[in-house]
Undergrad: 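Please find one structure pasted underneath; my questions will follow.
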There are 2 protein chains.
Amino acid sequence: MARAATTSDAFNAVAEPRRRDILNYLATEERSVNEIVNAIEIEQPSVSKHLKVLKDVGLVEARREGRQMLYKVNATAIRPLHEWTSTFERLWKHQLLRVKERAEARSEEKK
Amino acid sequence: MARAATTSDAFNAVAEPRRRDILNYLATEERSVNEIVNAIEIEQPSVSKHLKVLKDVGLVEARREGRQMLYKVNATAIRPLHEWTSTFERLWKHQLLRVKERAEARSEEKK
DNA sequence: TTAATATATTCCTATATAGGAATATGTCAA
DNA sequence: TTGACATATTCCTATATAGGAATATATTAA
């Protein structure tokens, strides 16, 4: 079996760094394909293909305006990712706390 | 060009659902490979391979104890993912707020 | 040493890309 | 209609899996 399709869910779609670049760029505003092409440095066909993947998993929405297609982020589709990572937040806070404690213990020893 | 390696970063490693299953299972406690195999329903060689990927990107740490290898989550490696998704939090809260507002406007019309 | 247990690795194959090149489709203006 | 602009699609190929099967390695106990 091969890897799951990039369009199988937001996790897979977002694994590709270029697609995260696109989402980051769209975070502030709705943009046309050409604006994306100019902002990120990728060929237009590649951008269109990435946008298709993002659209398939609901991470972006598109609407036509004249000759242009305007894309914007559908942030709610990113939420499951955020929520999954949140279940580990308690753990890394705990981890970082222990790192800090150890550092303090070490500086205490030196006194 | 093919897709980036699963070991290229946490985003790619975590795209595979089985690996998220493993991380979820390890979230509560350090576990041996066999415990993982029994908990998740995957063949042992597959589990070992997934663990290798997770270890390569620093998502888990391993230590030997007798014949067993004990794995635990390194939660700090999940943090970049959490942080990236957080940049969109403002957006989905805004989106959900507007959905709510529209619903309220509709129910107001009906009165 | 040998056997048993625990885990890792290798070999195999079907499958799915990502990007480049070329081309198709869609929309507007003259 | 025709040309120009904007975007999408198709075709191609190198590459990287994920899982199954078989086997290798490591560790302990007898």
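Remember, it's a predicted structure, so these values are computed and weren't measured experimentally. Here is the naming used below: chain letters follow the sequence lines, and residue numbers restart at 1 for every chain.
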Undergrad: What's the CZ-P distance between B:R3 and C:dT17, to the nearest Å?
TA: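 So the two atoms are 5 Å apart, to the nearest Å.
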Undergrad: Atom CE of B:M69 and atom C1' of C:dT9: how far apart are they, to the nearest Å?
TA: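 In whole Å, C:dT9 C1' lies 14 Å from B:M69 CE.
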Undergrad: So, using ring-ring contact (aromatic ring centres under 6.0 Å, His included) as the criterion, who are the partners of B:Y71 when residues are at least two apart?
TA: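 In terms of ring-ring contact (aromatic ring centres under 6.0 Å, His included), with neighbours along the sequence ignored, B:Y71 is linked to no residue.
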Undergrad: Please figure out whether A:A2 or A:E16 has its closest DNA chain C nucleotide nearer the 5' end.
TA: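 Residue closer to the 5' terminus by nearest nucleotide: A:A2.
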Undergrad: Summarise how protein sits on nucleotides 20-30 of chain C as a single string, 5' to 3': B when a protein heavy atom is under 4.0 Å from the base, S for sugar-phosphate-only contact, - for no contact.
TA: BBB---SBBS-
Undergrad: Rounded to the nearest angstrom, tell me the gap between atom CG in B:N12 and atom P in D:dT15.
TA: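 For the pair B:N12 CG and D:dT15 P, the rounded distance is 18 Å.
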Undergrad: Rounded to whole Å, please give me the gap between NZ in A:K52 and P in C:dA18.
TA: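 After rounding, the gap between these two atoms is 13 Å.
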Undergrad: Among A:L59, A:D21, A:V73, A:N74, exactly one meets side-chain contact (heavy atoms from CB on, under 4.5 Å) together with A:L26. Which residue is that?
TA: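 Exactly one option meets the side-chain contact (heavy atoms from CB on, under 4.5 Å) with A:L26, and it is A:V73.
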Undergrad: May I ask you to evaluate whether B:Y71 reaches the phosphate of C:dA8, defined as a side-chain N or O under 4.0 Å from OP1 or OP2?
TA: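 Yes, B:Y71 has a side-chain N/O under 4.0 Å of OP1/OP2 on C:dA8.
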Undergrad: Hey, quick one: are B:I36 and B:L70 part of the same hydrophobic cluster, counting side-chain heavy atoms closer than 4.5 Å, chains of contacts allowed?
TA: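 As far as the 4.5 Å side-chain criterion goes, B:L70 and B:I36 are not connected within one cluster.
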Undergrad: Between B:L70 (CG) and D:dA26 (P), how many Å, whole number?
TA: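 Spelled out: CG on B:L70 to P on D:dA26 is 18 Å.
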Undergrad: Following the transitive rule for hydrophobic clusters with a side-chain heavy-atom cut-off under 4.5 Å over Ile, Leu, Val, Met, Phe, Trp and Tyr, establish whether B:V53 and B:V60 coincide in one cluster.
TA: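 Unlinked, B:V53 and B:V60 end up in two clusters.
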Undergrad: Below 30° counts as parallel, above 60° as perpendicular, anything between as tilted: where do the rings of A:H82 and B:H82 land?
TA: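 Taking B:H82 first and then A:H82, their aromatic rings lie parallel (interplane angle under 30°).
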Undergrad: Distance from A:Q95 atom CD to B:K72 atom NZ, nearest 0.5 Å?
TA: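 Spacing of CD (A:Q95) from NZ (B:K72) equals 7.0 Å.
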Undergrad: Using a 4.0 Å cut-off on heavy atoms, which residues in residues 25-36 of chain A reach DNA chain D? List them by number, or say none.
TA: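 Residues of residues 25-36 of chain A that come under 4.0 Å of DNA chain D are, in numerical order, A:S32, A:V33, A:N34.
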Undergrad: When the distance from CG of B:L54 to P of D:dT17 is rounded to whole Å, what number comes out?
TA: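 Answer to the nearest Å: 13 Å.
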Undergrad: Salt-bridge test for A:R79 and A:E83: reply yes if a basic N is under 4.0 Å from a carboxylate O, no otherwise.
TA: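 Looking at A:R79 and A:E83, the cut-off is met.
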Undergrad: Salt-bridge test for B:R31 and B:E29: reply yes if a basic N is under 4.0 Å from a carboxylate O, no otherwise.
TA: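 Looking at B:E29 together with B:R31, the answer is yes, because their closest N to O distance falls below 4.0 Å.
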Undergrad: Base, sugar-phosphate or nothing for A:T6? Non-hydrogen atoms, less than 4.0 Å.
TA: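 A:T6: backbone/sugar contact only, no base atoms under 4.0 Å.
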Undergrad: Please confirm whether the backbone N or O of B:E65 pairs with a side-chain atom of B:Q68, one donor and one acceptor, at under 3.5 Å?
TA: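 No; judged by distance alone, with no hydrogens or angles, the pair does not exist.
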Undergrad: Report the distance from atom CD of B:Q68 to atom P of C:dA8, rounded to the nearest whole Å.
TA: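 It is 11 Å, rounded to the nearest whole Å.
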Undergrad: Roughly, in whole Å, what's the span from NE2 in A:H50 to P in C:dG19?
TA: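 In whole Å, C:dG19 P lies 4 Å from A:H50 NE2.
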